[in-house]
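In what follows, a single structure is set out as structure tokens and then discussed.
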Amino acid sequence: MGKLTVRALRAVLVVVLTGTVLVQALMLWALVSGSDPENGSLPLTPLRVITILGIGTAQVALVCVWRLVTMVRRGTVFSHAAFRYVDVIIGAIVAAALMWFAVTAVNAPGQRDDPGVTLIMGGIGVAILGVALIVLVLRMLLAQAVARDVEAAQLQAELDEVI
């Protein structure tokens, strides 16, 4: 990974993380201050809490991606230490899906006239879980790469002994 790519990715991560912290702060302020712009027509308190927690899952994933980018830059990503970050990313994605299902459940009573919205929202939750499965497959690929790297190091050591 080139230096420009690493810097660009880190810039994006900083912008997104800063934005999510600001949104979380505004949501927390709205929750604490009790301001309700919808005059009670929606269950805003549960939605705000779920949103704050959901954004937290994204922030956890962003921090783990930052750590993985650092490992890539140092050339240490093909090690067992990378699994910890990938596992946390998978957990954060699953938690985000659960948050989305909670939003769907809170929103569902208001959609009695149009249940298709609830079905679409449920489908989005399933798609989020699909992303977790994709990252799990990528974790398996990382495991194979780490195993090959260890095997190559052992073969190189044996070759060095022979020579």
Exercise for the section: Specify the closest pair of heavy atoms between Val77 and Ala82, including all atoms of both residues, with the distance to one decimal. Expected result: O-CB, 3.2 Å
Handout entry: Verify same cluster id: Leu141, Val86 (apolar side-chain graph, 4.5 Å)
Key = no
Exercise for the section: Apply the test side chain to side chain contact (heavy atoms under 4.5 Å, CB included) to residues Val72 and Val6: give CA-CA distance (whole Å), side-chain angles for both, the deciding distance (0.1 Å), then the verdict. Expected result: CA-CA 9 Å; Val72 168; Val6 168; 5.5 Å; no
Practice task
Sequence neighbours left out, what pairs pass salt bridge (charged side-chain N to carboxylate O under 4.0 Å, His left out) with at least one residue falling in residues 49-63?
Solution key: none
Practice task
Could I get the full list of salt bridge (charged side-chain N to carboxylate O under 4.0 Å, His left out) partners for Arg148, not counting sequence neighbours?
Solution key: none
Completion exercise
Rounded to the nearest 0.5 angstrom, the CG-CD distance for Leu159 and Gln154 is 13.5 Å
Exercise for the section: Find out if a path of hydrophobic residues (ILVMFWY) with successive side-chain heavy-atom gaps under 4.5 Å connects Ile55 to Ile128. Expected result: yes
Problem - Over all atoms of both residues, closest heavy-atom pair of Met71 and Ala81 - result: CE-CB, 3.8 Å
Determine all donor-acceptor pairs shorter than 3.5 Å in which one atom belongs to a side chain in residues 15-23; sequence neighbours excluded.
{"unit_1": "Thr18", "atom_1": "OG1", "unit_2": "Val14", "atom_2": "O", "d": "2.7"}
{"unit_1": "Thr20", "atom_1": "OG1", "unit_2": "Val16", "atom_2": "O", "d": "3.2"}
{"unit_1": "Thr20", "atom_1": "OG1", "unit_2": "Leu17", "atom_2": "O", "d": "2.8"}
{"unit_1": "Thr20", "atom_1": "OG1", "unit_2": "Gln59", "atom_2": "NE2", "d": "3.1"}

Problem - Contacts of type salt bridge (charged side-chain N to carboxylate O under 4.0 Å, His left out), residue Asp87, not counting sequence neighbours - result: Arg139
Practice task
Please report the closest heavy-atom contact between Ala97 and Leu129, naming both atoms and the distance.
Solution key: CB-CD2, 3.5 Å
Completion exercise
Heavy atoms of Ala108 and Thr118 approach each other most closely as CA-OG1, 3.8 Å
Exercise for the section: Using the rule that two of Ile, Leu, Val, Met, Phe, Trp, Tyr join whenever any of their side-chain heavy atoms come within less than 4.5 Å, decide whether Val60 and Leu138 are in one cluster. Expected result: no
Practice task
Treat each ILVMFWY residue as a node, draw an edge where side-chain heavy atoms are under 4.5 Å apart, and state whether Leu26 and Ile52 are in one component.
Solution key: no
Problem - Residue that, paired with Ile93, satisfies side chain to side chain contact (heavy atoms under 4.5 Å, CB included) out of Leu136, Ile134, Val135 - result: Val135
Throw together a table of side-chain donor-acceptor distances under 3.5 angstrom for residues 62-70, partners on residues two or more places apart or in other chains.
{"unit_1": "Arg67", "atom_1": "NE", "unit_2": "Tyr85", "atom_2": "OH", "d": "3.3"}
{"unit_1": "Thr70", "atom_1": "OG1", "unit_2": "Arg10", "atom_2": "NH2", "d": "2.6"}
{"unit_1": "Thr70", "atom_1": "OG1", "unit_2": "Trp66", "atom_2": "O", "d": "3.0"}

Fill in the blank from the handout: Rounded to the nearest 0.5 angstrom, the NZ-CZ distance for Lys3 and Arg7 is 6.5 Å
Donor-acceptor pairs under 3.5 Å, side chain of residues 98-106 to any protein atom, not counting sequence neighbours: which ones?
{"unit_1": "Trp100", "atom_1": "NE1", "unit_2": "Met121", "atom_2": "O", "d": "2.7"}
{"unit_1": "Thr104", "atom_1": "OG1", "unit_2": "Trp100", "atom_2": "O", "d": "2.9"}

